[in-house]
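Here is how names work: the chains are called A, B, and so on, in the same order as the sequence lines, proteins then strands, and each is numbered from 1.
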Protein chains: 2
Amino acid sequence: MTPAIKSIFKSISPFTEEELNFLEPYIKPVVLRKNETLIAEGQICKHIFLVEQGCLRNFYNNDGSDVNLNFTMEGQFFTSFESYANREPSKIIIQAMEKSLVWIINSRAFPKEHEYYTTFSTFIRRLFIRLLLTTEEHHNMMRMNTPAERYEYILKNKPEMIQRIPLTHVASYIGITRETLSRIRSNSY
Amino acid sequence: MTPAIKSIFKSISPFTEEELNFLEPYIKPVVLRKNETLIAEGQICKHIFLVEQGCLRNFYNNDGSDVNLNFTMEGQFFTSFESYANREPSKIIIQAMEKSLVWIINSRAFPKEHEYYTTFSTFIRRLFIRLLLTTEEHHNMMRMNTPAERYEYILKNKPEMIQRIPLTHVASYIGITRETLSRIRSNSY
DNA sequence: CGGGAGTTGTGATATATATCAAAAAATACT
DNA sequence: AGTATTTTTTGATATATATCACAACTCCCG
């Protein structure tokens with residue numbers, strides 16, 4: 001567990017140094033190549049993940065075409081929530097968009113009887129609330145705004161997304177075709 | 001706490017009879033008249049609610065026009081999640097569509113040190129997961145389907161909604177105008 | 001029981017965005 | 001560096017749904 005990762009954990013819940021050390025065995029790093037799949041469609045997602053370096057894409061497949069739900073970058077957590085919570089096959093696919101370093105949190109293996117369990121479960125609860133508020137915010141944004149406004153919103157609130165992620169994927173993230181996004185950007189609309 | 005309410009609680013988490021009795025002081029019924037507002041825009045939502053009788057509507061206002069997010073009926077829980085979780089003013093308005101009997105759960109007042117706290121907090125966690133999976137399911141359904149398919153989905157999976165809720169509101173719930181819904185129903189599309 | 005508000009249906013028209021097609025630009029690969 | 005692949009842009013056209021206007025129906029409530 002690198003210092004950077006420790007401080008990300010601390011930013012969610014006030015862990016002591018001992019508690020973080022105790023977490024060590026439940027956390028493992030993995031390196032993903034560009035376009036490598038972390039969670040495939042139909043697979044059961046049993047972990048929560050944290051990006052140390054790189055960029056991941058959460059999306060589902062709607063007869064043939066991708067629908068992007070989220071992009072996760074440095075310092076952010078993610079999972080296939082429905083699959084994780086209900087222990088059912090994931091509808092969501094998770095893929096690295098670049099070569100990425102990801103930490104796998106084996107949250108289910110944490111011993112329930114341990115004295116640190118309360119701290120840990122508070123952490124997990126907060127994580128979930130964060131994840132779900134993020135998706136809810138995105139959905140509301142989608143429903144309240146026109147395509148052009150949605151693009152403006154991303155530009156203003158998530159500018160790193162425009163710099164780093166191919167516009168084709170951004171377009172699907174804001175629910176329009178890449179052609180329409182291109183026209184919005186060139187001010188045709 | 002009526003037997004019906006007790007059994008709804010038990011369906012979420014395995015409460016003992018004593019635990020349910022202990023909950024009593026944290027739960028209060030309220031009767032709402034038709035169109036009465038339970039949570040106004042800007043108000044901080046501090047409770048979780050359970051419908052015993054009637055029907056409630058969660059919606060927000062997008063310059064002048066309502067956008068319906070959810071309808072809650074007998075046996076279902078609801079809250080303004082963002083407001084509750086972040087203790088911030090609610091963007092969502094909650095209103096009774098009919099005369100309704102609603103139980104107010106004062107979850108924040110439950111004593112943290114009490115021996116029943118673990119059971120109670122598991123219950124709350126499960127409730128939240130349910131609520132959030134419901135909204136996520138709805139959002140995904142909206143993104144995957146055409147207006148006609150969305151109507152078919154409601155007809156198949158939530159038929160009571162069509163029977164009980166004015167079509168104007170259902171239309172906004174599935175993200176179309178009432179005219180378009182009317183045409184879908186008459187098979188013009 | 002009758003009038004008025006609220007709800008639903010129908011028609012005509014406008015418009016935003018998808019779709020199809022292909023060129024141009026950027027990026028990755030050997 | 002030079003070719004191949006991917007990404008973005010531009011253009012022409014189609015189409016679904018919104019919008020506007022108003023008629024028909026439903027159902028409370030006095």
Report the residues that fulfil ring pair (Phe, Tyr, Trp, His ring centres under 6.0 Å) with A/Phe78, sequence neighbours left out, ordered by chain and then residue number. A/Phe49
Between P on C/dA28 and CZ on A/Arg33, what's the gap in Å once rounded to a whole number? 17 Å
Can you give me the bend angle of the helix from C/dC1-D/dG30 to C/dT30-D/dA1? Use the axis through the first five pairs and the one through the last five, nearest 10 degrees. 50°
Tell me: CD of B/Glu149 to C1' of D/dT17, nearest whole Å? 15 Å
I'd like to check the side-chain hydrogen bond (donor to acceptor under 3.5 Å, both in side chains) partners of B/Asn21; sequence neighbours left out, ordered by chain and number. B/Lys6
Please confirm whether the shortest side-chain N or O distance from B/Thr180 to OP1 or OP2 of D/dT17 is below 4.0 Å. no
N/O donor-acceptor pair under 3.5 Å between B/Asn70 side chain and B/Asn58 backbone: no
Residues in residues 91-99 of chain B with a heavy atom under 4.0 Å of DNA chain D, by number, are none
Sub-3.5 Å donor-acceptor pair from the side chain of A/Ser90 to the main-chain atoms of A/Ile92, do we have one? yes
Do any N or O atoms of the protein come closer than 3.5 Å to N or O atoms of nucleotides 20-29 of chain D, and which pairs are they?
{"residue": "D/dC20", "atom": "N4", "partner": "B/Glu179", "partner atom": "OE2", "Å": "3.2"}

Integer-rounded Å distance: D/dT8 P and A/Asn187 CG: 18 Å
Hey, would you say the B/His114 and B/Phe22 ring centroids sit under 6.0 Å apart? yes
What residues form a side chain to side chain contact (heavy atoms under 4.5 Å, CB included) with B/Glu41, not counting sequence neighbours? B/Asn61, B/Ile93
B/Thr177 has its side chain closest, among D/dA18, C/dG9, C/dT17, to D/dA18
Taking the six-membered ring for Trp and the single ring otherwise, decide whether the centroids of B/His138 and B/Tyr173 are under 6.0 Å apart. yes
Taking distance alone, no hydrogens or angles, what donor-acceptor pairs closer than 3.5 Å link side-chain atoms of residues 121-129 of chain A to residues at least two apart or in another chain?
{"residue": "A/Ser121", "atom": "OG", "partner": "A/Thr118", "partner atom": "O", "Å": "3.4"}
{"residue": "A/Thr122", "atom": "OG1", "partner": "A/Thr118", "partner atom": "O", "Å": "2.9"}
{"residue": "A/Arg126", "atom": "NH1", "partner": "A/Ile12", "partner atom": "O", "Å": "3.1"}

Those residues at least two apart in sequence (or on a different chain) that pass side-chain hydrogen bond (donor to acceptor under 3.5 Å, both in side chains) with B/Arg164 are B/Glu74, B/Glu98
Nearest-Å distance, CG (A/Leu181) to P (D/dT8)? 8 Å
Rounded distance (Å) that lies between atom C1' of D/dT17 and atom CD1 of B/Ile174: 13 Å
Fellow cluster residues of A/Met73, listed by chain then number, with links counted only when side-chain atoms sit under 4.5 Å apart: none
Residues from residues 160-169 of chain B sitting under 4.0 Å of DNA chain C, heavy atoms only? B/Pro166, B/Leu167, B/Thr168
Could you state the atom-to-atom distance from OH of B/Tyr151 to C1' of C/dG9 in whole Å? 13 Å
Using a 4.5 Å side-chain heavy-atom cut-off and chaining through intermediate ILVMFWY residues, the residues clustered with B/Ile44 come out as none
Ring pair (Phe, Tyr, Trp, His ring centres under 6.0 Å) with A/Phe120: which residues, sequence neighbours excluded? A/Phe110
What is the distance, to the nearest angstrom, from the CG atom on A/Asp66 to the P atom on D/dT7? 11 Å
So B/Ser83 and B/Glu88, side-chain hydrogen bond (donor to acceptor under 3.5 Å, both in side chains) or not? Walk me through it. CA-CA 5 Å; B/Ser83 172; B/Glu88 66 187 31; over 6 Å; no
Rounded to the Å, how far apart are A/Arg185 CZ and C/dA25 P? 15 Å
B/Lys10 bridged to B/Glu19 by N-O distance under 4.0 Å: no
